[in-house]
Asker: 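The structure that follows is given in the form of structure tokens.
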Amino acid sequence: MNLLKSLAGATALALGLAGAAAAQDPVKAGFIYVGPVGDGGWTYEHNQGRLAVEEHFGDAVETIFQESVPEGADAERAITQMVLAGADIIFTTSFGYMDPTVAVAEKFPEVKFEHATGYKTAPNLGVYSARFYEGRAVQGTIAGRMTKSNIIGYIASFPIPEVIRGINSAYIHAKKVNPDVQFKIVWAYTWFDPAKEADAAKALIEQGADVILQHTDSTAPQAAAAEAGNVFTFGQASDMSEYAPSPRISSIIDNWGPYYIARVQAVIDGTWESDNTWDGIGPGMVKIGEISDAVPAEVKAEAEALRDKIAAGEYHPFTGPLNKQDGSVWLAEGETADDGTLAGLDFYVEGIEGEIPN
Amino acid sequence: MKLKLERRAAPSALVSGATPVLAVIATMIAGGVMFWALGANPAEAIRIIFWDPLFGDFASYTRGQLLIKAGPLILIAIGLSLGFKAGIWNIGAEGQYIIGAVVGAGVGLAFYPTESRLIFPLMVLAGAFGGWAWAMIPALLKTRLGTNEILVSLMLVYVAQNILASMSTGLLRNPDGMGFPGSRNIARDFPAAANPELIAGTGIHWGVVAALIAVIFAYVLMTRHRMGFQIRLAGEAPKAARFGGVRPRRLILFTLGMGGALAGLAGLFEVAGPAGQISIDFNSGYGFTAIIVAFLGRLHPLGILLAGLLMALTYIGGELAQTMIGMPAAAIQLFQGMLLFFLLAMDVFANYRIRLGRTEVKA
Amino acid sequence: MQIMIFGQIDLILLLASLMVASTPILLAALGELVVEKAGVLNLGVEGMMITGAVVGFAVGVNTQSPAVGFLAAALAGALLSLLFGLITQYLKSNQVATGLALTLFGLGLSSLLGKPYEGVKAATLGKMHLPFLSDIPVLGPILFRHDPMVYLSILAVVAVWAFLTYTRPGLILRAVGENHEAAHALGYKVVRVRLLAILFGGAMAGLGGAYVSLVRVPQWTEGMTAGAGWIALAIVVFASWRPLRVLIGAYLFGGVSVLQLNLQAAGVAIPVEYLSSSPYLVTILVLVIISLRGQHGAPGSLGRIFHASS
């Protein structure tokens, strides 16, 4: 066993030297994507971030990427091959890449790694994610004001903390401006299946929802809402402005460009350090897309005020008093949720009906 | 003047060996044109896809990866080939692969953090059992009620995917994973249950070993054993098979069961080794790609071995082409499709002789 | 209109949306049925659908005419299937593997072709309110207020049924599928008949794909058919190779898919895991019940390579 281990170490060292030797050229940044760059949502926005890096640095930085990389063994290989190809910093842009990234990072201590939405760090591995729930708070406010039927539909993907945070945040803020509001949630069990998303939107509209929020990436729900008429939607991941001013009345945009530029700059300067970044509206990682004219001016002003308060750090979307769904106390008056709880959030707040599937 | 195909009495061994080479050359030409149209240097792209994974700068790494990629493909394809040869259509290997992984990982994780040499063998059995049991659903429905196995096995893939998602966010979710989906990482955090690389840097893990054993096993079964004879007979002459004492029910249970068990094994070895953990998107299409591998290998164990390695080569080479020269993933898919077309089309020369002329020659 | 209420679900609206949800699979499955009736198994439906989706969308956007888009999609599907036809019929390749290769090829081709059309909005196909009929209470809105493709797909079911049952070419096609040696001995052009069937199958899959990208979603994104082609293949088996049952199968599958989302939206207390598996489980269950009656009907020469040994 010891022999095997030292052999493994020797191979890693040899491979590592190959990586270091190639690092003479312009700084090379690698990106691993979970979907195709043309998905119009999650991967599309990460690729926009990559393009922003290229534009910002010009010839000083070269970027490489690989799309539709399955999680697991394929990811570990894809990341390793990028190291071998001379990458100095590699962004792995899906939660499922966590352990593969950790494994490769252990083998190549001189290469920097950045893993999106995970929690495992190392001296050469940082993590970053966006506080999308801040954007959901703004959406919830607009949705609560805009609904006439008091029924808001929510197309959820998988029951994971990220999605549950979004539902809770939207609900809390919709309820705040409209106490009669009710959420109807459909779990699509997919991140991306336009036809299914369209069906889910239609089902919610048939159930009386006149505002639809989505945590899936296609514009299918927008189209379904446009067809139904008098139903409002929000862009997800990208702006989806082709459906503005109505049904799309605003959006949450993932804006990774500034972060990618900053991290690549740090590599160039030799100042890169492992970080744990969880940025929201303030630093600009989460952007609220243009609130369209279909929204009354006073609602728009209210939503923008909330956005600015969150951005300035004056307000936290999860501020007590808040109870859990079962009525037990979660946050006392004035208390705000800590990041640890939020990261692993697995319950609804009081007032949301239904159960989280498991 | 007319081209005529004339069936050969037996496939020509010489041509059988030569056609894949011709097909690869034809693909290089057609693919080269495509790469050129996409603005890449065709010679460089083709070198990266076919040559670099084997002999390029990082070959010491990528050669091992070829085995990691080919292992599950070969293992599943061998199982499927038994059924296909007998005319039994299991197209749900992807589902059996998932269930094998879920059951195998579940059994292993139930013992966490016990360290015992017995855990991994137990998981192997559980993985094979999981895949077998999932395949028994179409098998029993077919033997008892006459339900078509194509539909049932395919539909069960989607059901298996839902079970996988449910397990990743529920029962098998890592208790120390901060609420994120996905199980504990077996390969990293649970040595007794892990399926490690057996010789460092080679990519060989128990799944690759199992694939090789399966190839030999299938070869012996098909050429030396009564069951192999029955399988071939049932596929080639179903009516004669019935008179020849072949019991169709037994055959269905055996071939579907073997297909399921091997797919389940592949899933288990993957989850305990290269993939490491159960997650929502754990499966990545091995069960479907293995169908291509099985037919590309002409349902012959050695053919499947070679076909699996070739498919793995195009995957690894394709990935390199993405990283090195920014080739879109779509172009790689198109290229793989072309390669398959050429390989399949060129089979005609192995099975048929081409004659020119009007006169018909009796074979 | 709240006359028929099932729990909290409006059955009328449900029926109306299931017709839309089922149309892509119905079109593709009907095409594949004809292909299989001719004795050919083309597993490339997904590849042809996605190619139809991208070409239909691109042409629909450029001409601002969904109708022209659909025509182009049918043509694109047929062209792609021609590739399959030439390789399997003239070069005698294995149909299963060739079909799967076609799917790979189609997925790659479509995403290359579709690059310029990501994030573009297409002109939508108008609703066709059939005069008088659409005003019938209850049934009117369910049945007679759809886009033309929904009606066309149902007409196509009847046309395929009539063609296979009553016409001489239909009879020949079935004969070729049942026993190609016998058909050949009778002087029928086996390869030609099959090639035509394959082209029809490709065109229908193309239409089905275009329905997804032009009507049902409507937009273009890579991989947007998300496995509908596989479901279409399953529906043909489900239907025991009968056109009218393809309609039932497609509507059953589409119906349960839509119903489970409606049940979720209505807050029915059934675990989501079961609901999201229900379309597949219900299809299996119904097929089991059908197969209890002992009907199979797979064409005799399905998937087998034909070689005219004269």
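The chains referred to below are lettered A, B, ... by the order of the sequence lines, with proteins before strands, and numbering in each begins at 1.
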Asker: Check each atom of B/Thr62 against the heavy atoms of chain A and say whether the ones under 4.5 Å are side chain, backbone, both or neither.
Answerer: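 The answer is the side chain of B/Thr62.
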Asker: Quick one: pull up CZ in B/Arg184 and CG in A/Asp99 and give me the separation to the nearest 0.5 Å.
Answerer: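 Rounded to the nearest 0.5 Å, the CZ-CG separation comes to 12.0 Å.
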Asker: If you tally heavy-atom pairs under 4.5 Å against chain B, which of A/Lys120, A/Glu76, A/Glu71 wins?
Answerer: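 Option with the greatest count: A/Glu71.
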Asker: If I measure from the heavy atoms of chain A, does B/Ser279 come under 4.5 Å with its side chain, its backbone, both, or neither?
Answerer: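 For B/Ser279, the side chain is the part near chain A, not the backbone.
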Asker: Among A/Tyr189, A/Phe31, A/Phe158, which residue has the highest count of heavy-atom pairs closer than 4.5 Å to chain B?
Answerer: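 Heavy-atom pair counts peak at A/Phe158.
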Asker: A side-chain contact here means heavy atoms from C-beta on lying under 4.5 Å apart; do A/Asp74 and B/Glu319 qualify?
Answerer: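 Yes, side chains in contact.
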Asker: Using a 4.5 Å cut-off on heavy atoms from C-beta on, say whether the side chain of B/Arg188 contacts that of A/Val102.
Answerer: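 With C-beta onward as the side chain, the pair touches.
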Asker: Start with the C-alpha distance between A/Asp346 and B/Arg173, add both sets of side-chain angles, then the distance that settles side-chain contact (heavy atoms from CB on, under 4.5 Å), and finish with yes or no.
Answerer: CA-CA 12 Å; A/Asp346 61 355; B/Arg173 191 175 68 180; 3.9 Å; yes
Asker: Only counting residues at least two apart or in another chain, list the ones meeting ring pair (Phe, Tyr, Trp, His ring centres under 6.0 Å) with A/Tyr348.
Answerer: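 Partners of A/Tyr348 by the ring pair (Phe, Tyr, Trp, His ring centres under 6.0 Å) criterion come out as none, since no residue qualifies.
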Asker: Would you call the rings of B/Phe180 and A/Phe95 parallel, tilted or perpendicular, where under 30° means parallel and over 60° means perpendicular?
Answerer: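 Plane angle under 30°, so parallel.
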Asker: So, using side-chain hydrogen bond (donor to acceptor under 3.5 Å, both in side chains) as the criterion, who are the partners of A/Glu355 when residues are at least two apart?
Answerer: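 A/Glu355: no side-chain hydrogen bond (donor to acceptor under 3.5 Å, both in side chains) contacts found.
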Asker: Of the backbone (N, CA, C, O) and the side chain (C-beta and beyond), which part of B/Glu270 lies under 4.5 Å from a heavy atom of chain A, both, or neither?
Answerer: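 Just the side chain, heavy atoms under 4.5 Å.
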Asker: side-chain contact (heavy atoms from CB on, under 4.5 Å), that's the test. Do B/Gln277 and A/Met98 meet it? Break it down for me.
Answerer: CA-CA 11 Å; B/Gln277 64 184 145; A/Met98 182 163 69; 6.0 Å; no
Asker: To the nearest 0.5 Å, tell me how far A/Ser157 OG sits from B/Ile280 CD1.
Answerer: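 CD1 of B/Ile280 is found 8.0 Å from OG of A/Ser157.
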Asker: Looking at A/Gln81 and B/Tyr61, what are the two nearest heavy atoms and their distance?
Answerer: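 For A/Gln81 and B/Tyr61, the tightest heavy-atom pair comes out as CG-CE2, 4.2 Å.
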